[in-house]
Amino acid sequence: MSSVYLSLVIPVYNEEKNLAELIERCSKVCREIGKSYEIVLVDDGSKDGSAQMIKQASVKQAEIVGVLLNRNYGQHAAVMAGLAQAHGEVVVTLDADLQNPPEEIPKLMAEIDNGYDVVGSVRQMRQDSAFRRLSSWLVNKAVQKSTGVLMHDYGCMLRAYRRPIVHAMLQCHERSTFIPVLANMFAHRTTEVPVNHAARENDESKYSFLKLINLQFDLLTSMTTFPLRLLSLIGGGMAVLGFILSALLLVLRIIYGAEWAAQGVMTVFSILFLFIGMQLLAMGLLGEYVGRIYNDVRARPRYFVREVVSQRTPAVSEKE
Ligand code: UDP
Ligand code: MG
């Protein structure tokens with residue numbers, strides 16, 4: 001049943017102001033590409049009229065498939081839900097807020113035609129706040145360092161994947177997913193193209209500060225256990241330093257006598273506090289992993305599809 005060539009997968013969370021334009025622009029671009037297409041809109045438990053609008057659109061337009069989740073699961077879970085419903089040979093993900101112009105899709109398709117499995121994109125002239133840019137920069141550097149895969153912009157969701165990659169990603173059952181990193185794990189040939197980035201015109205970002213932090217940790221823990229290794233590295237280094245320091249203190253104590261040592265009490269305390277601080281930090285990091293292990297062990301489904309609205313017969317039967 002893979003008569004569809006191109007699937008767009010778009011997570012939607014409270015985007016009623018953008019939906020109409022989004023659907024129109026995406027449809028136009030897809031028509032121009034000239035291959036069979038579908039647009040999978042995943043409503044991530046929106047509280048506004050988005051779900052209703054998606055339903056209506058899917059009734060009106062045969063190419064639109066609406067996937068309505070029963071509550072808010074987060075952008076990446078929503079995209080996974082969409083991937084599970086997409087049939088295309090090539091799947092393109094993008095944001096619903098029109099910050100990734102749909103008009104850039106043909107550029108990605110051209111690279112797919114060149115034989116790449118995963119096509120990422122780099123946002124030119126990024127229209128986001130300085131804080132968002134800084135956090136992205138940090139994350140990108142960390143990912144590049146630890147995966148060795150040189151992609152410049154992991155935060156940009158305007159990306160194209162071939163069917164086998166999508167298939168592989170759907171086999172991954174961990175709960176904290178960061179899709180671009182996951183995809184790169186399975187990709188044979190990857191490339192990137194520069195794309196425009198528009199400012200968010202209607203509404204504001206759907207990511208609160210806390211959600212953003214959580215996302216960064218998803219990314220960090222989804223790709224590597226490097227922080228854990230770093231932990232033991234730092235721990236080892238500190239142990240050595242602590243040893244040298246105490247040896248030094250002991251020697252000085254012998255040379256200068258007890259009076260000197262009493263005056264050094266505060267120094268010792270300050271060092272102690274430093275160590276305690278570092279330990280707590282390390283424990284926090286451990287906690288991040290443990291928390292995720294806990295989540296995975298519970299093995300709850302990543303999402304439940306409430307309803308799939310489309311004019312075609314459902315091909316993927318989602319068992320509850
Ligand atoms: N989104 C979602 N669930 C969420 C948060 C966001 O599906 O819990 C969607 C949102 O509708 C948009 C995309 O994810 O299509 C990116 O969100 P946003 O534009 O707010 O993020 P930013 O541009 O700030 O990275
Ligand atoms: Mg955005």
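Counting starts at 1 for both ligands and their atoms, following the listed order.
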How many protein N, O or S atoms sit closer than 2.8 Å to the Mg ion (ligand 2)? 2
Exam field: side chain His87 to backbone Gln85, donor-acceptor pair closer than 3.5 Å: yes
Arg25 side-chain N/O to Glu103 backbone N/O, donor-acceptor pair under 3.5 Å: no
Would you please test Glu204 and Arg200 for salt bridge (charged side-chain N to carboxylate O under 4.0 Å, His left out) and show each step? CA-CA 7 Å; Glu204 57 224 24; Arg200 216 181 210 286; over 6 Å; no
By side-chain hydrogen bond (donor to acceptor under 3.5 Å, both in side chains) - contacts of Ser121 (at least two apart): none
Close-range residues for ligand 1, whose non-hydrogen atoms fall below the 4.0 Å threshold: Pro11, Val12, Tyr13, Glu15, Asp44, Asn72, Gly74, Gln75, Asp95, Ala96, Asp97, Gln99, Arg132, Arg200, Ser205, Lys206, Tyr207, Lys211
Is the backbone N or O of Glu16 less than 3.5 Å from a side-chain atom of Ser50, with the two atoms forming a donor-acceptor pair by type? yes
Separation between CZ of Phe275 and CD of Gln279, rounded to the nearest 0.5 Å: 8.5 Å
Output all residues satisfying side chain to side chain contact (heavy atoms under 4.5 Å, CB included) with Ile33, sequence neighbours left out; order by chain, then residue number. Leu6, Val29, Lys35, Ile105, Pro106, Met109
Tell me whether Thr177 contacts the main-chain N or O of His76 through its side chain, where contact means a donor paired with an acceptor under 3.5 Å. no
Assess the side chains of Gln75 and Asp95: does a donor N or O sit below 3.5 Å from an acceptor N or O? yes
